[in-house]
Amino acid sequence: MIPSSPLSTGPIGVFDSGYGGLTILDKIRELMPEYDYIYLGDSARCPYGPRSFEVVYEFTLQAVGKLFELGCPLVILACNTASAKALRTIQQINLPVMDATRRVLGVIRPTAECIGEITRSRHVGILATAGTIKSESYLLEIHKLSPDIVVTGEACPMWVSLVENNEYQSEGADYFVKQHINRLLDKDPMIDTIILGCTHYPLLLDKIRQFTPGHIRIIAQGEYVARSLRDYLDRHPEMDARCGKGGNCRFLTTESGNKFEESASIFLGRQDIKVESIALE
C-alpha cells in the first residue's frame, strides 16, 4: 500500500513508453495549463508495441507505482500500447491494493467516445502499432458505445521509427505512409474516419493528409484525451481537489536526460526541456 492522504495534493502523472505521449501532454497542458504535471517516459525500454502483454503490463505497473510514489493522485497512460495491454488489469487488480483512492486512465476510451458522433458512413479505420491492432482494444471500446460501427485496423510498424529518427517530414516517409493508408482503404473503401491510434502519429499528420482522400476525417487523440480529462475532473471534484495547480511540469526518463531532451524537442517544438533520469523496477 502506498501511503496517501485524501487531503494531500500532487501533480497529474502522464506516462508513455517513450516520447509519443508528449503529444498528449502538450494538448492537456494547452487546455489545462493551471495544473501540475509529471511526465515519465520509459525511453530506455521502448518501444512497447512489439512486446508481450505480460511485459507491457509489468513495465506499465512499475511506472504507475513510481508516479504514485512521487505523489500523483491521477495517472494518464498516454500510450496506446499500455492502455491496450495493461490498463484494465491495473484498474481492476492492482489499484485496490496499491491505493483505491487514486486513479489510472487511458487514451483509447476517450477517443472511442467521440467516434459515434463523427463518422457518417459508420466505417472507421485505425492506424496503430502492431500491438495495439492485435489487442483489438479500439474495436472493443468502440463497439461498447456504437456496436453498429465497422472498425478496420492497419498496423504501421515503421511509423514510430520515422518520427523518432526525425524522418517524418522526409520524402522517404512518403512510401511508408502512403502504403499503409492504401492498405487500410483497400480493406474497407467505405471508411470516412481514421483514428491515429499511436501518440507518435500526429507528427506525421501532414503526410497522412497528403495521401488520404479529402472526405476522410483524421482523428488525432490529444485534444479528445484533454477534453475527456477535463470532463472527468469536473465530474469528480474530490479528485480535482487533489491535483496540484501551480502550473508546473516535470519531465522524467529512464534513459539519458540529454537524449530525452533532444528527442522531446521534436515532439514539443521547443528546446527548453529539463529532464531527470530515474530507474524503474
Side-chain angles (χ1 to χ4, degrees), residues 1-26 28-29 35-49 51-108 131 199 225 229 232-233 239 242-246 248-261 263-264 267-268 273-281:
M1 180 76 73
I2 297 175
S4 70
S5 164
L7 300 178
S8 64
T9 62
I12 296 172
V14 179
F15 168 69
D16 184 51
S17 58
Y19 313 106
L22 291 167
T23 63
I24 301 293
L25 174 66
D26 199 39
I28 292 174
R29 292 184 71 194
Y35 288 82
D36 294 325
Y37 301 94
I38 294 181
Y39 182 89
L40 170 57
D42 188 13
S43 309
R45 302 188 293 194
C46 72
Y48 278 16
R51 295 185 182 273
S52 68
F53 276 73
E54 292 76 15
V55 170
V56 171
Y57 162 68
E58 177 187 350
F59 288 177
T60 304
L61 183 60
Q62 290 171 358
V64 169
K66 174 61 72 173
L67 288 167
F68 281 179
E69 287 177 14
L70 294 170
C72 298
L74 172 65
V75 173
I76 309 298
L77 301 186
C79 172
N80 284 273
T81 303
S83 295
K85 296 184 176 182
L87 176 62
R88 189 174 302 278
T89 303
I90 290 173
Q91 288 176 330
Q92 295 179 352
I93 304 299
N94 302 110
L95 267 184
V97 177
M98 297 170 75
D99 187 337
T101 73
R102 305 200 200 199
R103 294 291 179 267
V104 181
L105 306 175
V107 292
I108 293 176
T199 53
V225 173
L229 177 57
Y232 178 85
L233 293 174
M239 179 57 71
R242 295 182 61 188
C243 296
K245 298 177 181 67
N248 301 306
C249 189
R250 183 180 175 191
F251 295 88
L252 308 176
T253 180
T254 55
E255 67 170 353
S256 158
N258 289 337
K259 174 66 170 64
F260 190 93
E261 289 169 12
S263 297
F267 288 85
L268 297 177
I273 306 298
K274 300 302 179 186
V275 184
E276 306 163 53
S277 294
I278 64 164
L280 292 179
E281 55 184 40

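Values below: every heavy atom of this structure, side chains too, minus hydrogens, waters and symmetry copies.
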Hey, could you give me the CZ/OH distance between Arg29 and Tyr37, rounded to the nearest 0.5 Å? 7.5 Å
Would you say Leu252 and Arg250 make side-chain contact, with heavy atoms under 4.5 Å? yes
Can you find a side-chain donor-acceptor pair between Arg51 and Ser17 that sits under 3.5 Å? no
Option among Asn80, Thr81, Val55 that satisfies the side-chain contact (heavy atoms from CB on, under 4.5 Å) test with Tyr48: Thr81
First locate atom CE of Met98, then atom CD1 of Ile90, and finally report the distance between them rounded to the nearest 0.5 Å. 7.5 Å
With a 4.5 Å cut-off on side-chain heavy atoms, are Val104 and Phe68 touching? yes
Taking all non-hydrogen atoms of both residues into account, name the closest pair between Ser43 and Gly18 and its distance. OG-CA, 3.7 Å
Any side-chain heavy-atom pair of Thr60 and Phe15 under 4.5 Å: yes
Do you know the tightest heavy-atom contact between Thr254 and Ala44? OG1-N, 3.0 Å
Please name the pair of heavy atoms, one in Thr101 and one in Met239, separated by the smallest distance, quoted to 0.1 Å. O-CE, 3.5 Å
Within the structure provided, determine whether Arg242 and Leu74 are in side-chain contact (heavy-atom separation under 4.5 Å). no
Atom of Gly21, atom of Thr199 and distance for their closest heavy-atom approach: N-OG1, 3.4 Å
Sub-4.5 Å side-chain heavy-atom contact between Leu22 and Asp16: no
In this structure, CG of Leu229 is separated from CD1 of Ile12 (nearest 0.5 Å) by 5.0 Å
Can you give me the closest heavy-atom contact between Cys243 and Pro73, atom names plus distance? SG-CG, 4.2 Å
Within-4.5 Å side-chain heavy-atom neighbours: Phe251 and Leu25: yes
Can you give me the closest heavy-atom contact between Val107 and Leu77, atom names plus distance? CG1-O, 3.3 Å
Validation row: Asp42, Gln62 side chains within 4.5 angstrom (heavy atoms): no
Under 3.5 Å, side chain of Thr253 to main-chain N/O of Ser277, donor-acceptor pair present? no
Would a distance-only check, ignoring hydrogens and angles, find a side-chain to backbone donor-acceptor pair under 3.5 Å from Arg102 to Leu95? no
Would you please test Phe53 and Thr89 for side chain to side chain contact (heavy atoms under 4.5 Å, CB included) and show each step? CA-CA 11 Å; Phe53 276 73; Thr89 303; over 6 Å; no
Separation of Ile24 CD1 from Tyr39 OH (nearest 0.5 Å): 9.5 Å
Hey, could you give me the CZ/CD1 distance between Arg88 and Ile93, rounded to the nearest 0.5 Å? 11.5 Å
For the CZ atom of Phe59 and the NZ atom of Lys85, what is their distance to the nearest 0.5 Å? 11.5 Å
Side chains of Leu280 and Leu40, heavy atoms from C-beta outward: is any pair under 4.5 Å? yes
Looking only at atom types and distance, does a side-chain atom of Asp36 sit under 3.5 Å from a main-chain N or O of Gly246, one as donor and one as acceptor? yes
